[in-house]
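Worksheet for the structure shown next.
We count residues from 1, following the sequence as given.
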Amino acid sequence: MKLCDIRDNPGAMHKSKALGRGVGSGKGKTSGRGGKGQTARSGVRLKGFQGGQMPLSRRMPKRGFTNSFRLHYGEINLDQLQTAVDEGKLSKDVVITQDLLKQANFFKKKFDGVRILGRGTLTHALNFEVSGVSQSARAQIQESGGSIRII
């Protein structure tokens, strides 16, 4: 085999179409770009432009309020915590903090804090240090002999 014998796989390379080479080529004159004006040019096109009509985004009423300072909490249920303790991912002897839950891969996204919800039951007495807890979760944790500290 010589260097001149090396070829690409058949069909791997497409021959580029010659543009602007006469009317008979099928891609002459406007080179497949249509008529004149903004759409024939490369670069910026007005996105959302509806031919001088008032755009839909401006016609719709603007209502409501979005709080940019809102805190986003990661939510975890009691049954998930119980499963993690049973599998050995969490220890029942240490205080379970938000950082410990993040290290145990309970959350993929970044959250401002962790909130415990009350689905499932706890059989171990666990101690928590989290941002929030629902009333049902608080009752079950205290019933099992654990404690909660809100930070």
Side-chain angles (χ1 to χ4, degrees), residues 1-124 126-134 136-137 140-141 148 150-151:
M1 180 178 269
K2 297 177 190 160
L3 200 59
C4 64
D5 294 333
I6 297 173
R7 296 276 180 268
D8 209 338
N9 295 331
M13 294 292 289
H14 294 279
K15 193 173 179 184
S16 61
K17 189 161 285 222
L19 300 177
R21 298 294 183 273
V23 179
S25 69
K27 290 286 177 187
K29 196 184 172 204
T30 54
S31 304
R33 289 182 180 266
K36 302 177 187 179
Q38 184 173 244
T39 55
R41 311 284 192 262
S42 65
V44 179
R45 282 189 193 177
L46 292 175
K47 302 231 176 347
F49 184 71
Q50 297 179 5
Q53 175 174 288
M54 184 61 67
L56 182 66
S57 59
R58 290 181 62 192
R59 275 181 280 163
M60 299 305 288
K62 312 300 189 273
R63 290 198 185 98
F65 170 74
T66 303
N67 186 0
S68 59
F69 300 106
R70 179 180 162 214
L71 298 177
H72 297 278
Y73 293 109
E75 297 169 346
I76 186 165
N77 279 291
L78 293 175
D79 58 351
Q80 293 171 294
L81 291 165
Q82 184 60 49
T83 306
V85 170
D86 294 341
E87 292 174 353
K89 290 181 182 176
L90 292 175
S91 175
K92 57 185 174 186
D93 303 325
V94 296
V95 176
I96 298 171
T97 61
Q98 298 177 145
D99 295 328
L100 195 67
L101 291 170
K102 285 177 188 173
Q103 287 172 1
N105 291 328
F106 276 100
F107 307 108
K108 291 181 182 173
K109 294 180 184 176
K110 188 177 178 186
F111 291 107
D112 296 316
V114 174
R115 182 170 161 82
I116 300 174
L117 303 178
R119 186 185 72 202
T121 55
L122 278 181
T123 56
H124 299 292
L126 300 175
N127 301 315
F128 295 98
E129 201 172 283
V130 290
S131 299
V133 63
S134 68
S136 58
Q140 284 205 24
I141 292 167
I148 306 154
I150 305 294
I151 52 172

Does Lys92 NZ have over 12 foreign heavy atoms under 6.0 Å away?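 Check fails, neighbour count at 12 or below.
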Tell me, yes or no, whether the heavy-atom count around Arg59 atom CZ, taken from other residues, nucleotides or ligands under 6.0 Å, exceeds 12.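 Result for CZ/Arg59: enclosed.
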Rounded to the nearest 0.5 Å, what separation is found between the [atom1] atom of [X] and the [atom2] atom of [Y]?
| X | Y | atom1 | atom2 | answer |
| --- | --- | --- | --- | --- |
| Lys89 | Leu100 | NZ | CG | 13.0 Å |
| Arg119 | Gln82 | CZ | CD | 13.0 Å |
| Leu71 | Ser131 | CG | OG | 8.5 Å |
| Leu78 | Ser134 | CG | OG | 7.0 Å |

Side chain to side chain, [X] and [Y], heavy atoms closer than 4.5 Å:
| X | Y | result |
| --- | --- | --- |
| Asp86 | His124 | yes |
| Leu126 | Ile141 | no |
| Leu56 | Gln50 | yes |
| Ile151 | Val130 | no |
| Asn127 | Ile96 | no |
| Arg41 | Arg33 | no |

Could you check Leu101 against Leu90 for side chain to side chain contact (heavy atoms under 4.5 Å, CB included), going step by step and ending with a plain yes or no? CA-CA 8 Å; Leu101 291 170; Leu90 292 175; 4.0 Å; yes
Under 3.5 Å, is there a donor on one side chain and an acceptor on the other for Gln103 and Asp99? no
Thr121 and Gln140: side chain donor to acceptor below 3.5 Å: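 Checked: Thr121/Gln140 side chains show no N/O donor-acceptor pair below 3.5 Å.
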Below 3.5 Å, can you tabulate the donor-acceptor pairs from side chains in residues 9-25 to any protein atom, sequence neighbours excluded?
| residue | atom | partner | partner atom | Å |
| --- | --- | --- | --- | --- |
| Arg21 | NH1 | Leu19 | O | 2.8 |
| Ser25 | OG | Gly22 | O | 2.8 |
| Ser25 | OG | Lys27 | N | 3.2 |

Per-pair distances, 0.1 Å, donor-acceptor, side chain in residues 106-118, under 3.5 Å, sequence neighbours excluded:
| residue | atom | partner | partner atom | Å |
| --- | --- | --- | --- | --- |
| Asp112 | OD2 | His72 | N | 2.8 |

I would like to know whether Leu81 and Phe128 meet side chain to side chain contact (heavy atoms under 4.5 Å, CB included); could you show each step before the answer? CA-CA 11 Å; Leu81 291 165; Phe128 295 98; 3.6 Å; yes
Side-chain donor or acceptor of Asn77 paired with backbone N/O of Asp79 under 3.5 Å: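 It does not hold such a pair.
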